Number of protein chains: 2
Amino acid sequence: MKRVRLFVAYDGTNYCGWQVQPNGITIEEKLNKSLKDLTGEEIHVIGASRTDSGVHALGNVAVFDTNSSIPPERFAYALNQRLPEDIVVVRSDEVSLQWHPRHQNEIMKIYEYHIYNAQVPNPLKSRYSVFVSFPLNVDQMRKGADFIKGEHDFASFCNIRTNTLDTVRTVYDINITKKGPDITIRVTGNGFLYNMVRIIAGTLIRVGRGFYEPEKIKDILDARKHTSEGVTAPPNGLVLKEIVYGKEEK
Amino acid sequence: MKRVRLFVAYDGTNYCGWQVQPNGITIEEKLNKSLKDLTGEEIHVIGASRTDSGVHALGNVAVFDTNSSIPPERFAYALNQRLPEDIVVVRSDEVSLQWHPRHQNEIMKIYEYHIYNAQVPNPLKSRYSVFVSFPLNVDQMRKGADFIKGEHDFASFCNIRTNTLDTVRTVYDINITKKGPDITIRVTGNGFLYNMVRIIAGTLIRVGRGFYEPEKIKDILDARKHTSEGVTAPPNGLVLKEIVYGKEEK
């Protein structure tokens, strides 16, 4: 028996998110099925991030246990022959049988939220960004984002339907770049609550439009409860870029 | 009666190209239908470039004649309310009744062909680029591309199913840029034969892989007939970026 780790990229458009659920096809389900085809075993992968319906990833992480004789590094190639084109295993390796993708001392997750800010939408961008026609003031958005940095109780930036009791998280960094009409919010943290990055993005868009002063972000954060003031941006703008684990833990 | 010009962007993935045809939905058909909804008139647009099935555009051009009282500049907005999300009219204006999008003395068309060159495909790139896993030598591709520049008989770089008798075209410029795994071939010319940019791209990919020496491009060009040596790259990597008309002609 060994534990194999997968680094997974996907276009989330056609999936009901990561986690297996009764009404709709998910990434996890496609991986389980391809692993069964490949090994003959009933395999249920454990994922690091249970991304929402429509959210994309370039580096989600999953593990599974197997008795297969396939070398761990070969799973990436073998799975890609069986997976649909919009799910790709970027690489695979062996980890210890205790290694769990969500329970590690040192985890850094990197998300990017993409905005297309122009007068007219661009059909070649709409799959991977949210279109905003009102001019966004990026400097104001950056001022607002500064309040997000650090360790906070992010209860206000969490979907109300969550089960999580501990809503304290650390945002290591959040930076906003603009290149022509493309605006990217890049957030790095030790973990994120349900919808947290999308609520941060949606609220910063309100700051950029001038609906909110940047200081409003601090007020929302201090309220420590979900309100209608923190708006959730659409899923298609969000990409889980990478999950970085501490070196000693492998 | 006035003539209105449209600048049209589209994601070609779900369309059988520009031109109306019996088996499948086309961009032209969607525009005609939306114009009928809007004006009540039977309108058939005339396009500048009849892009192939699966090819994208950011700036195709079309005209139509109408008795509608809608101001020419307002057609863009009004059509976008009726068109599907993957077709966008970027702007609209009035031109003289003699103005034809294909028959102008000065036309410059700009196409880009996108290649994703890495060991593993990226599902967030596959809709708008061709995946090439063999390392491409961009310097060799540039040497090959130099033979394409200028006025030539491009009969060898044309789909055999064309009706065109005159296969002489001028390529003003062709340049290849590389940014990490993303390689872009940008071609500017006064016009392009059926599949010409895709055959140029497919043949340059063979040069990049080392299948052909750069000089092979000259040999293929000199043959002046379609051969199996000029391979057609897939449509999804191609974008019609812009069509520039001479200033005096409006």
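Lettering follows sequence order; numbering is per chain, from 1. Keep in mind it's a predicted model, so treat the numbers as computed, not measured.
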Peer 1: Tell me, for R127(A) versus chain B, whether the close heavy atoms (under 4.5 Å) come from the side chain, the backbone, both or neither.
Peer 2: side chain
Peer 1: Report yes if some heavy atom in the side chain of V88(A) is under 4.5 Å from a heavy atom in the side chain of N122(B); otherwise report no.
Peer 2: no
Peer 1: Just checking Y77(A): does its OH atom have more than 12 heavy atoms from other residues, nucleotides or ligands closer to it than 6.0 angstrom?
Peer 2: no
Peer 1: Could you tell me which non-hydrogen atom of Y128(A) sits nearest to which non-hydrogen atom of P123(B), and how far apart they are?
Peer 2: OH-O, 3.7 Å
Peer 1: Using a 6.0 Å cut-off, check whether atom CD1 of I25(A) has over 12 heavy atoms from anything other than its own residue.
Peer 2: no
Peer 1: With a 4.5 Å cut-off on heavy-atom pairs, point out which of L124(B), L58(B), D11(B), V120(B) contacts chain A the most.
Peer 2: L124(B)
Peer 1: More than 12 heavy atoms of other residues, nucleotides or ligands under 6.0 Å from NZ of K36(A): yes or no?
Peer 2: no
Peer 1: Should we say atom CD1 of I43(B) is surrounded by more than 12 heavy atoms from elsewhere, each under 6.0 Å from it?
Peer 2: yes
Peer 1: Quick check on V239(B) against chain A: is it the side chain, the backbone, both or neither that has a heavy atom closer than 4.5 Å?
Peer 2: side chain
Peer 1: Does E85(A) CD have over 12 foreign heavy atoms under 6.0 Å away?
Peer 2: no
